[in-house]
Amino acid sequence: MGTLNKEQMEACCYTDGPLLILAGAGSGKTRVITHRIAYLIDELSVNPFNILAITFTNKAAKEMRERVDALVGFGSESIWVSTFHSMCVRILRRHFDEIGGKNNFTIYDTSEQKTVMKEVLKLLNLDAKMYPEREMLNIISKAKEQYIGPDEFEKQNPANYRNQQIANIYREYQKRLKNNNTLDFDDLIFKTIELFEHSPETLRIYQERFKYIMVDEYQDTNHTQFLLVKMLAARYRNLCVVGDDDQSIYKFRGANIYNILNFEEEYPDAKVVKLEQNYRSTANILNAANGVIANNEGRKDKRLWTDKEDGAKLQFTEYDNEYQEAESVVSDIASKKRIGVSLSDIAILYRTNNQSRILEEKLIYANIPYRLYGGTNFYQRKEIQDIISYLKVINNPADDIALRRIINEPRRGIGDTTVNKAQEFAISNDMNLYDALLMAEEIPGLQRAAAKIKVFTDLMDELRLMAGSNDLTELFDMILEKTGYKMNLEAENTDEARARLDNIEELRNKVVSYEEEAENPNLTELLEEIALVADAADDDGDGNQVTLMTLHSAKGLEFPYVYMVGMEEGLFPSSMATCSDDPDDLEEERRLCYVGITRAMKELNLSAATVRMLRGTKMYSKVSRFIDEIPANLIERKGNAILRQESTGSKYDAPFSIKKEKPYAGVYKKPAYTMSSPEISKGMPGDVAINYQVGDTVKHIKFGKGTVKEMVKGGKDYEVTVDFERVGEKKMFASLAKLKKL
DNA sequence: GAACCCATCATTTTT
DNA sequence: TGATGGGTTC
């Protein structure tokens, strides 16, 4: 594992012109990207400043940044490693004014979008039953993903009353955002494209800057992201996209699988490299995954292989009901624990979040610690939103939504009637709510509340003054004190109030750590980080826990032991997909199954329940078709599943409607790659004289002094583990790290 | 402004 | 089944 294999190297060294890396699950994709960046810098002397690496999640960005840091000697800080959204924010902060915006905009999250939409519907006097907020926001989001503004929306859709109304809603919604000096998530990308279209000079700046562009998880990009990348790469065309069409599972959120499938049509001179060697799973697991995904049509032709051993067969058990299933999974985990398996090596994966409940119950009962991913976000809690709203109003008084949220929180006698009057006045005078409050005395009908309003605006003005000094932790504490928010909670003296105080404390910690880390801490950037980096609670190092998560959130992760529960028709694949007339919906479920299977390294246990309580009613389901798509020689069936296979007169209707045996090539193995191709090794990193060994003190250009702990030879490179005085242990490649013996 | 009742409606999620 | 939201009542 020390070096790159042939294809990985090929992908690493092909740097001029468009490149598509089809990276199968577990094929060492991140390694390739990071090594590619290192190669660009160290071997081709590309200025790190000219490199852009785009990821989808902050987590991925962070991981990539760390790995690049470890590989690249110097200058890695000037590489842009960022998500689409934070990249766009960074660009818009400098140029939004060129298309009539303000560069100090704030970002609205989903709940704020919803509030805006409610107001829009009220203003337009539309029935929320006919025009539900959620659906409206969805339609707008889909439009924005297609780079369709309100006017185009009206033009492109059938000219009926409803569509006209929706276009009006869209227009009004945008107007509100603009008045509040805010953008929603989709706008970040939309407006950046708009900026580039409107101002070719600005686009040119970024084209010149980003001479080398890499996009990870390319199968997850939506249309606007595709457009954005295309614009940026248009000049130098050094565009490298990495992805796996078989792992495209985010269609529902706008991902367009054709971005990756048609990459070669978009870029006819594109080079394609396939990474097909899997380093993660046993052969049995891998071939099970291959067997399942082979049922999809219109995929890129590729087949994962491994030189690992067959390993244990997959297990499938059908239980009577979901309680039995959960209990059995948990007792299995308990026995693993007893023989010394680390709980952090175990994951339970399911299709829908609500399946976690029973599992949690049984885990708690069995006294097995677990970590649940998903669920309510920390930032969605009321108290957190409240405090953030204070920060938002201080930062951007035009933010009506945040203002309304806190104007009477805690109670200060400014009720809905008062606020509504002020809001009406604001709208008819084309000003924002805060400005209206400042002149409350002159607003008819507000004289009585004016005194209270003044106390509030004075408080906010005072806090805003404090924000100017940029001592954010102090500002945070002042908000809690001066608004009485903290006092109120303390006075409540309930468990709930104490939990809220704890959450606020946690938010405070985030502010503190932001201030410590930021180069130039300021409120705008803090809020941006909160909006953009709202990942579910940081991993607290406490490792020995079972992981519970949806199949979706498991993408990109791996676990030695995996349980996939709820393998039932109607649940997985979901009934939405089985009933859909778009066959791709079913294929997407299958890809999700493929993702799930390929998370497992050593052992994969699948299970189903014959009867399951679903939405208050008992559901009798057939076993998931995906179980039958796993080649029979790779899987052992237990429980009801066996009864069904053996006796035709089952109590429930024959679960296996699709029983025909699919032709299968059998267990597929390739010998491990041996490096011999002179063509590939030419100019590769690796011809560095190594004059140090384990125990020596060495110096790294960035990390400083350290001691060599371990050197693993692989091919012509060494993977060196060094314990640095300042930053602790790091793994790096001898050829790239350029360590000097002291 | 809080407490309560009824109706409704349910995938997947990041930014 | 159970969470959520709107509307009503005290």
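These figures come from a predicted structure and were not determined experimentally. Residue numbers start from 1 in every chain, and the chains themselves are labelled A, B, ... in the order their sequence lines are given, proteins ahead of strands.
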(request) Name every residue in residues 105-119 of chain A that has at least one heavy atom under 4.0 Å from any atom of DNA chain C, in order of residue number, or write none if there are no such residues. (result) A:K114, A:K118

(request) Could you check how far CG of A:L614 sits from P of C:dG2, rounded to whole Å? (result) 12 Å

(request) Indicate whether the side chain of A:N488 and that of A:R500 have a donor and an acceptor atom separated by less than 3.5 Å. (result) no

(request) Indicate, with a heavy-atom threshold strictly under 4.0 Å, whether A:S553 touches base, sugar-phosphate, or nothing. (result) sugar-phosphate

(request) Mind checking A:N222 for me? I need base, sugar-phosphate or nothing, with any heavy atom below 4.0 Å counting as a touch. (result) nothing

(message) Would you say the rings of A:F252 and A:H552 are close, in the sense that their centroids are separated by under 6.0 Å?
(response) yes

(message) Could you check whether A:D184 pairs with A:K144 (Lys NZ or Arg NE/NH1/NH2 to Asp/Glu carboxylate O, under 4.0 Å)?
(response) yes

(request) Please test A:Q219 against A:Y250 for side chain to side chain donor-acceptor pair (under 3.5 Å), starting from the C-alpha separation and ending with a verdict. (result) CA-CA 9 Å; A:Q219 76 283 350; A:Y250 284 116; over 6 Å; no

(request) Rounded off to whole Å, could you give me the NE2-to-P distance for the A:H85 and B:dT15 pair? (result) 8 Å

(request) Could you please name the option among C:dA3, B:dT12, B:dT15 that lies closest to any side-chain atom of A:N58? (result) B:dT15

(message) Here's one to test your reading of the geometry: is the NZ or CZ of A:R176 within 45 degrees of the ring axis of A:Y108 and under 6.0 Å from its centre?
(response) no

(message) Around atom OH of A:Y258, are there more than 12 heavy atoms from other residues, nucleotides or ligands closer than 6.0 Å?
(response) no

(request) Give the B/S/- string for nucleotides 2-11 of chain B, one per nucleotide from 5' to 3', where a protein heavy atom under 4.0 Å of the base yields B, of only the sugar-phosphate yields S, and otherwise -. (result) S-------BB

(request) Take atom CG of A:N138 and atom P of B:dT12, then tell me their distance rounded to the nearest Å. (result) 14 Å

(request) Rounded to the nearest angstrom, tell me the gap between atom CD in A:E145 and atom P in B:dT14. (result) 15 Å

(message) What is the distance, to the nearest angstrom, from the CG atom on A:D186 to the P atom on B:dT13?
(response) 18 Å

(request) Send over the distance from A:E133 CD to C:dG5 P, rounded to a whole Å. (result) 9 Å

(message) Filter on ring pair (Phe, Tyr, Trp, His ring centres under 6.0 Å), then keep only pairs touching residues 562-582 of chain A, sequence neighbours left out; what's left?
(response) A:F572-A:F626

(request) Using the salt bridge (charged side-chain N to carboxylate O under 4.0 Å, His left out) rule, pick out the option among A:K142, A:K129, A:R162 that qualifies with A:E135. (result) A:R162

(request) Tell me which of A:I414 and A:T57 sits closer to the 5' end of DNA chain B, going by the nucleotide each one is nearest to. (result) A:I414

(message) Quick test of the criterion, 5.5 Å between centres and less than 30° between planes. Is A:Y250 stacked on B:dT14 or not?
(response) no

(request) Remember a base hit wins even if backbone is also touched, and classify A:F56 as base, sugar-phosphate or nothing at under 4.0 Å, heavy atoms. (result) sugar-phosphate

(request) Quickly work out the A:L121 CG to C:dG5 C1' distance and round it to whole Å. (result) 15 Å

(message) Say we look at C:dT4 and B:dT13: how far apart would their P atoms be, to the nearest angstrom?
(response) 16 Å

(request) Could you work out the separation of B:dT12 and C:dG5 based on their C1' atoms and round it to a whole Å? (result) 23 Å

(message) Starting the side chain at C-beta, find the nucleotide from C:dG2, B:dT15, B:dT13 nearest to A:F185.
(response) B:dT15

(request) From the options A:D400, A:D386, A:T115, select the one residue that forms a side chain to side chain donor-acceptor pair (under 3.5 Å) with A:R405. (result) A:D386

(message) Below the 4.0 Å mark, does B:dT12 have OP1 or OP2 next to a side-chain nitrogen or oxygen of A:T550?
(response) no

(request) Give A:R591 one of three labels, base, sugar-phosphate or nothing, depending on what nucleic acid heavy atoms sit under 4.0 Å from its own. (result) nothing

(request) Validate the cation-pi geometry between A:R591 and A:Y594: distance from NZ or CZ to the six-membered ring centre under 6.0 Å, angle to the ring axis within 45°. (result) no

(request) Measure from CZ on A:R90 to P on B:dT15 and round the result to the nearest Å. (result) 17 Å

